[in-house]
Amino acid sequence: MSIQDLPPEFEPLLNRLLDSPDEEISQSEFDQFQTFLSTNPEAMQYYFNYLDINLGLQSDMKARLKALEQTSKEQNAPQPQPVVRRTAMLRYSAVASCSLLVGLLLAWSFAGFFPGNQTPDPQSSTEERTYVATLTRSTDCVWGSESPPEFSGQRLMSEDLVLEQGVAEFRFDTGVRLIIEGPTKINLVTSSRAKLDYGKLVLHGYDPAPEFSLITPLLTLQDIGTEYGAEIHRDGEVDLHVFAGAVRVAPNQKNDQFSESVIIQKGQARHLNDRKIEDIQLEPALFKREVPGTQQNEQAQRQELRAYDSFHPSEILDPEQTSPWQNTGIGWVNPWRTPKSGGRAEQGLSRPHESLARTEVAPSQLGLLELRGASSFFRKLKQPVRMDINAIYYISFYMQKIKTDQKNQSYQYGNFALLPSVQQEDPPKIRIGMSINNYAILQAGPQIIERAPPLQSGETYLFVTKIVASEKASDQVFMRAFAEAEPIPDQEPPVWTCVTTPFEDSNVFDVVRLHAGKNSAYLFDEVRIGSTWSSVVDPDRPRLVLEQ
């Protein structure tokens, strides 16, 4: 773009404004110049380029525009005379005013609000909000924010949260955990950054994750393989106690007293603001390093396990493969059936003395199920998995693909699925298992996710799934396939094999289906559906339920 492309009146006005300190420019001419800038994008861009080249605009446009605005207010007061003599000070004032106008107009134009444009579609300028963390546990919490978390396990987007009292744990999607103690005000900015206005917290770092930034009013704390406790006072000053690893501390604004970041090491404690650092006594007891748990009685633990089946027959017949396994376990409306709404499943697939469980099980839990050649078994749940309410569900089962001589690789999949009992031509489902490529696979909502590496025939895998259902927000499903050599953690893992993006679902899934493709054979065992992680991985939980 050149000056020749602009209206012929623009260049003389620009020259009169900028070039000759002895020229006079009338208020009407000055107004005309500003009109060119506000109505002609090319003129505005040309003027902006001129300032950028000849006046050296700072990279921090916000700071410069603020300074220019202040200069304009102080030095460009309205003049009563219709003609203004352009002194050096007025000339700079006029440039400052135009610079401010240009900055504002550029910001408006980039956002789609340039004069003459149509009003932009609000949806087009709104970034898609994504989940950044999960409220994993909470005790005696009273929330004061406008949209407080409603239940443990709830997925959370970037938002302000005020905890008036109690203790809560957030697990960010990077694996970092934050435990906050009320009163605390926090904003979950991203999965690797949070802003804390005031309050107390303990951060548990996660080595594979990027450094987590905690932004306080005066300082930014970055973990380096860390566990630390921090109390942020109302005046912004920080008491920092480092229990493991190290913390990098930097002021939010540079100054002479605290010009560079410092590193606080394990076993050290400091009182900090943005201008000084003082040693204090390390006191781990000042912080809640984990969320206090309430000891559950056995009745409460039993209630968390909603459905269970180990395929242990009520009696063992001769031959034992014909033993009746179809009506065992708890939490079911009817026996296992072959078609979804048809008759009783056929005999001959039970192995009553075997188990896929990785820990020793009670005799009443022995048994597993073998499926071959396009066979499907269905069973209805007493307590459905409802996607139209706020709830968390966990599912686990053992599965092993049997090695066969089948050379046809197609239809060699096997899976567990949740379905609605309402008849539909293409029913919605949540499906977990092995794909035809032997990959772990998760299907939920509109998404089908496969993840390498391939799972091995003849090896038993524990599949654990977490379903986050929300009445008014998006839903999400997580799945982890544990190999035999992998330990099962006491708490849900920070890393999952397959994770869906958030989606909308209001279905009620009240039927479980086990399925093996027509060219394959699979073993299934220890099917559980519960409301907590421990209810589907704790080896003793089924025994408590069966004893009841």
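In this text the structure is predicted, and so the values were computed from the model without any measurement.
Put simply, the side chain of R528 does not reach to within 4.5 Å of the side chain of V537, judged on heavy atoms. Considering only heavy atoms from C-beta on, L214 comes within 4.5 Å of Y228 through its side chain. L455 is not listed as a side-chain neighbour of Y439, based on a closest heavy-atom distance of 4.5 Å or more. The shortest distance between side-chain heavy atoms of Q365 and H312 does not fall below 4.5 Å. L161 places a side-chain heavy atom less than 4.5 Å from the side chain of E159. Counting heavy atoms from C-beta on, the side chains of E315 and P324 come closer than 4.5 Å. Looking at heavy atoms from C-beta onward, S421 lies in side-chain contact with K380 at the 4.5 angstrom threshold. Residues I232 and D197 fail the side-chain proximity criterion, which asks for heavy atoms closer than 4.5 Å.
Remark: the S531 side chain and the E304 side chain contain no N/O donor-acceptor pair separated by less than 3.5 Å. With no hydrogens or angles considered, no side-chain donor-acceptor pair links S535 and R541 at under 3.5 Å. Side-chain contact annotation: S534 with D490, donor-acceptor N/O pair under 3.5 Å absent. No hydrogens or angles considered: a donor-acceptor pair under 3.5 Å links the side chains of R513 and N415. Using a 3.5 Å distance cut-off with no hydrogens or angles, the side chains of N519 and Q412 do not pair a donor with an acceptor. With no hydrogens or angles considered, a side-chain donor-acceptor pair links Y394 and E492 at under 3.5 Å. Using modelled atom types and a 3.5 Å distance limit, the side chains of N327 and R379 yield a donor-acceptor pair. S152 and S138 are linked by a side-chain donor-acceptor pair at a separation below 3.5 angstrom, with hydrogens and angles left out of the test. A donor-acceptor contact closer than 3.5 angstrom links the side chains of D309 and W336. A donor-acceptor contact under 3.5 angstrom links the side chains of T460 and Q400, judged on distance only.
Separating the CG atom in D475 from the CG atom in D388 is a distance of 9.5 Å, to the nearest 0.5 Å. Taking CD of Q326 as the reference point, atom CG of L369 lies at 9.0 Å (rounded to 0.5 Å). Atom CG of L196 and atom CD1 of I180 lie 8.0 Å apart (nearest 0.5 Å). Annotation: the span from F503 atom CZ to Q476 atom CD amounts to 8.0 Å, rounded to 0.5 Å. In this structure, E484 CD and L462 CG are separated by 11.0 Å, a value rounded to the nearest 0.5 Å. Here the CE atom belonging to M387 is positioned 4.5 Å from the CD1 atom belonging to I430, to the nearest 0.5 angstrom.
A donor-acceptor pair under 3.5 Å is absent between the side-chain atoms of S375 and the main chain of G373, judged by distance alone. Between the side chain of Q443 and the backbone N or O of I449, no donor-acceptor pair lies under 3.5 Å. Remark: side-chain polar atoms of T226 are paired, donor with acceptor, to backbone N or O of A246 under 3.5 angstrom. Judged purely by atom type and a 3.5 angstrom limit, R358 uses its side chain to pair as donor or acceptor with the backbone of E486. Side-chain N or O atoms of W332 include one that pairs as donor or acceptor with a backbone N or O of Y308 at under 3.5 Å. No donor-acceptor distance shorter than 3.5 angstrom exists from the side chain of S213 to the backbone of R193, with no hydrogens or angles considered. Looking only at distances, no side-chain donor or acceptor of T220 sits under 3.5 Å from a matching main-chain atom of N252. Within the 3.5 Å criterion, the main-chain N or O of E471 finds a donor-acceptor partner in the side chain of N390. In terms of modelled atom types and a separation under 3.5 Å, the side chain of D173 and the main chain of S191 share no donor-acceptor contact. Remark: the backbone N or O of R386 is paired with a side-chain donor or acceptor of Y393 at under 3.5 angstrom.
What you find for D223 and G205 is that their closest heavy atoms are OD2-CA, 4.0 Å. A pairwise comparison of heavy atoms in V536 and G530 identifies CG1-N, 3.6 Å as the closest pair. The two residues E290 and I179 have their closest heavy-atom pair at CA-CD1, 3.4 Å. Summarising the geometry of S314 relative to T328, their closest heavy-atom pair is N-CG2, 4.1 Å, with the distance given to 0.1 Å. Heavy-atom minimum distance, P542 versus L305: CA-CD2, 4.1 Å.
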inquiry  = Using the rule given for ring pair (Phe, Tyr, Trp, His ring centres under 6.0 Å), can you reason through H515 versus Y413, listing the C-alpha separation, both sets of side-chain angles and the distance that settles it, and then say yes or no?
reply    = CA-CA 8 Å; H515 178 73; Y413 53 84; 5.6 Å; yes

task = In sequence, state the C-alpha distance, the side-chain angles, and the governing distance for D140 and V167, and then conclude on side-chain contact (heavy atoms from CB on, under 4.5 Å).
result = CA-CA 7 Å; D140 301 327; V167 184; over 6 Å; no

Evaluation steps, salt bridge (Lys or Arg N to Asp or Glu O under 4.0 Å), between E459 and K401 = CA-CA 7 Å; E459 183 172 350; K401 184 178 182 180; over 6 Å; no

request  = Would you sort out whether L418 and V512 count as a side-chain contact (heavy atoms from CB on, under 4.5 Å), showing the intermediate values?
outcome  = CA-CA 5 Å; L418 292 172; V512 169; 3.8 Å; yes

key: Test log, rule salt bridge (Lys or Arg N to Asp or Glu O under 4.0 Å), inputs E504 and K472   = CA-CA 9 Å; E504 302 294 333; K472 298 179 181 179; over 6 Å; no

request  = Please step through ring pair (Phe, Tyr, Trp, His ring centres under 6.0 Å) for the pair W325 and F377, ending with a clear verdict.
outcome  = CA-CA 12 Å; W325 56 271; F377 293 148; 5.2 Å; yes

key: Intermediate values then yes/no, side-chain contact (heavy atoms from CB on, under 4.5 Å), I392 and F151   = CA-CA 9 Å; I392 304 294; F151 56 95; 3.6 Å; yes

Criterion side-chain contact (heavy atoms from CB on, under 4.5 Å) on I402 and E370, from CA distance to verdict = CA-CA 9 Å; I402 301 173; E370 179 182 333; 4.1 Å; yes

task = Could you walk me through whether T134 and R155 pass the side chain to side chain donor-acceptor pair (under 3.5 Å) test, one step at a time?
result = CA-CA 4 Å; T134 301; R155 298 282 285 148; 2.9 Å; yes

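Relative to the six-membered ring of F478, K466 meets both conditions, a distance below 6.0 Å and an angle of at most 45° to the axis.
Relative orientation of the F397 and F524 rings is tilted, given thresholds of 30° and 60° on the angle between their planes. Aromatic ring orientation, F170 versus W143: tilted (interplanar angle from 30° to 60°).
Residue E360 qualifies as open at atom CD: its count of foreign heavy atoms under 6.0 Å is 12 or below.
Ionic pairing of E227 and K266 is not present here: no N-O contact between side-chain nitrogen and carboxylate oxygen is shorter than 4.0 angstrom. E181 has no carboxylate O lying under 4.0 Å from a charged side-chain N of R289, or vice versa, which leaves the two without a salt bridge.
Residues passing the side-chain contact (heavy atoms from CB on, under 4.5 Å) test with A357 are S355, V361, Y398, E526, sequence neighbours excluded.
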